[in-house]
There are 2 protein chains.
Amino acid sequence: MNVQLLNKKEAIFESTLKLINEHGFHGTPMSQIAAHANVATGTIYHYFNSKDELILELFKYCREKTNEHIFNFDEDLVYKDRFFYIWNRLVDYYLTHKETFWFIEQFYSSPYYELIKQKKTTYYGVDKMYLFFEEGIKSGIIRNVSFYTLISVYIGSATSHVKMVTYGFCKMQSKSREDLIEIIWNGVKNQ
Amino acid sequence: MNVQLLNKKEAIFESTLKLINEHGFHGTPMSQIAAHANVATGTIYHYFNSKDELILELFKYCREKTNEHIFNFDEDLVYKDRFFYIWNRLVDYYLTHKETFWFIEQFYSSPYYELIKQKKTTYYGVDKMYLFFEEGIKSGIIRNVSFYTLISVYIGSATSHVKMVTYGFCKMQSKSREDLIEIIWNGVKNQ
DNA sequence: ATTTAGTAATTGAACGTTCATTCGGTTGCA
DNA sequence: TGCAACCGAATGAACGTTCAATTACTAAAT
């Protein structure tokens with residue numbers, strides 16, 4: 001465990017991530033998080049006011065890390081290539097950071113998300129996706145449908161795929177992946 | 001199982017569903033479930049051995065109810081119509097039973113699902129979907145891709161749409177819905 | 001270069017509460 | 001009369017949070 005090498009706050013984040021994945025929000029006491037991160041229980045309260053705040057901050061931390069990864073591409077690529085690239089980067093990131101993926105999923109479908117939703121701060125990732133789809137529509141490459149329709153099909157398929165793979169249902173990963181983004185592209189492109 | 005018994009058990013189910021949606025797995029004590037269902041705390045333990053078992057049984061109950069609803073269609077419809085019909089029935093059911101939807105989502109992304117996954121019982125819904133997609137592939141109507149690819153895109157888009165709507169992000173519901181299943185169909189159909 | 005003082009980080013035992021589960025007793029029905 | 005359904009106070013373990021005490025760091029003063 002190289003958790004010790006990170007700074008205390010990140011160690012707490014990483015330990016929380018791991019333990020919540022194994023035992024859920026309710027099944028991971030602060031004392032266990034502290035033990036796993038090699039800090040005292042009280043130390044967590046130096047960085048976070050409560051368990052809820054810790055989980056909220058961890059969610060933002062995970063979301064940022066994910067966004068940093070997927071929007072890191074060559075601007076010169078043609079639209080279709082970027083369409084495939086971003087999707088594949090997202091799937092890659094989630095498959096190599098399954099704990100992040102499942103934590104985000106768990107968070108989104110829990111009552112915690114209500115707390116974030118209130119603050120209508122448009123965050124980096126959504127903005128980026130919006131601009132990307134807008135570009136595709138304006139240039140006539142993809143169909144003129146609402147942003148949320150595009151997000152549903154683009155992100156929805158990616159997360160479903162990751163779920164299938166991590167559940168162990170999906171045998172031929174790479175073939176399925178290629179088929180899947182191909183299907184989305186076919187459905188979304190104009191004509 | 002007599003009628004009285006069924007009522008109490010269903011009351012417990014419905015109360016658990018409602019409260020877990022509001023406060024999450026951890027935030028809903030057995031005492032609250034009991035109070036909401038108008039039974040004594042001890043009574044829950046007459047029907048279920050533990051809180052975990054209650055949640056597991058509730059999951060199966062929700063999944064069954066959903067499947068009953070979506071596969072209830074006219075066998076004479078042409079394939080494309082059934083493709084649209086089943087998807088719309090699923091979206092309809094989830095939008096009119098949001099608590100069921102969110103409970104299932106919460107369950108799937110929590111460690112609870114591991115407990116169900118172990119028992120490799122193929123259940124009604126998956127069988128039905130498998131046969132439906134197999135028919136489409138064999139008759140050459142939809143592309144020959146793996147079952148899990150089709151499921152990812154078909155179910156993934158439906159759940160993403162329901163999320164968007166219940167989060168309040170998606171304004172023009174019915175237009176988005178039509179666009180969305182249209183996109184999926186375009187992506188999946190042959191040629 | 002060393003001291004000093006002030007601040008931030010850290011500790012973990014202790015506290016008070018909450019909650020899942022139990023159990024001895026009661027009710028209602030066959 | 002017997003048995004299943006039902007009740008809810010009691011139990012005890014677990015957990016989030018607090019806090020008084022300790023250590024580590026920073027930088028100004030000597």
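Protein chains get the first letters and strands the later ones, always in sequence-line order, with residue 1 at the start of each. As a basis for the values below, the full set of heavy atoms in this structure was taken, side chains included, without hydrogen atoms, waters or symmetry mates.
Counting any heavy atom pair closer than 4.0 Å across all strands shown, Y47(A) reaches sugar-phosphate atoms only and no base atom.
In this entry the distance linking CE of M30(B) with P of dG12(D) reads 20 Å, nearest Å. Remark: P of dG8(D) and OH of Y45(B) are 16 Å apart, rounded to the nearest angstrom. One can place CD of Q32(A) at 14 Å from C1' of dG16(D), the figure rounded to the nearest angstrom. Remark: P of dA5(D) and CZ of F48(B) are 13 Å apart, rounded to the nearest angstrom. Rounded to a whole Å, the CD1 atom of I55(B) is 10 Å from the P atom of dT21(C). If you take CZ of F25(A) and C1' of dC15(D), they are 17 Å apart, rounded to a whole angstrom. Note: CD1 (I33(A)) to P (dT17(D)) measures 11 Å, nearest angstrom. Remark: P of dC19(C) and NE2 of H23(B) are 11 Å apart, rounded to the nearest angstrom.
Aromatic rings from F101(B) and Y93(B) are positioned such that their centres are separated by 6.0 Å or more.
For E114(B) and K117(B), the salt-bridge test passes: some basic side-chain N is under 4.0 Å from an acidic carboxylate O. The pair E64(B)-K60(B) does not meet the salt-bridge criterion, since no charged nitrogen lies less than 4.0 angstrom from a carboxylate oxygen.
Side-chain nitrogen and oxygen atoms of K8(B) include at least one within less than 4.0 Å of the OP1 or OP2 phosphate oxygen of dC6(D). Of the side-chain N and O atoms in H46(B), one or more sit less than 4.0 angstrom from OP1 or OP2 of dA5(D). Contact check, T43(B) against dA5(D): no side-chain N or O comes under 4.0 Å of OP1 or OP2.
Of the candidates dT21(C), dG16(D), dG12(C), the closest approach to any side-chain atom of A40(A) belongs to dG12(C). Candidate nucleotides dC7(D), dT21(C), dT18(D) were compared by shortest atom distance to the side chain of V39(B), and dC7(D) ranks first.
Where T41(A) and D52(B) each meet DNA chain C at their nearest nucleotide, the meeting point lying more 5' is that of T41(A).
Neither side chain, S110(B) nor W102(A), offers a donor N or O lying under 3.5 Å from an acceptor on the other. Of the N and O atoms on the side chains of Y130(A) and E135(A), not one donor lies less than 3.5 Å from an acceptor on the other residue.
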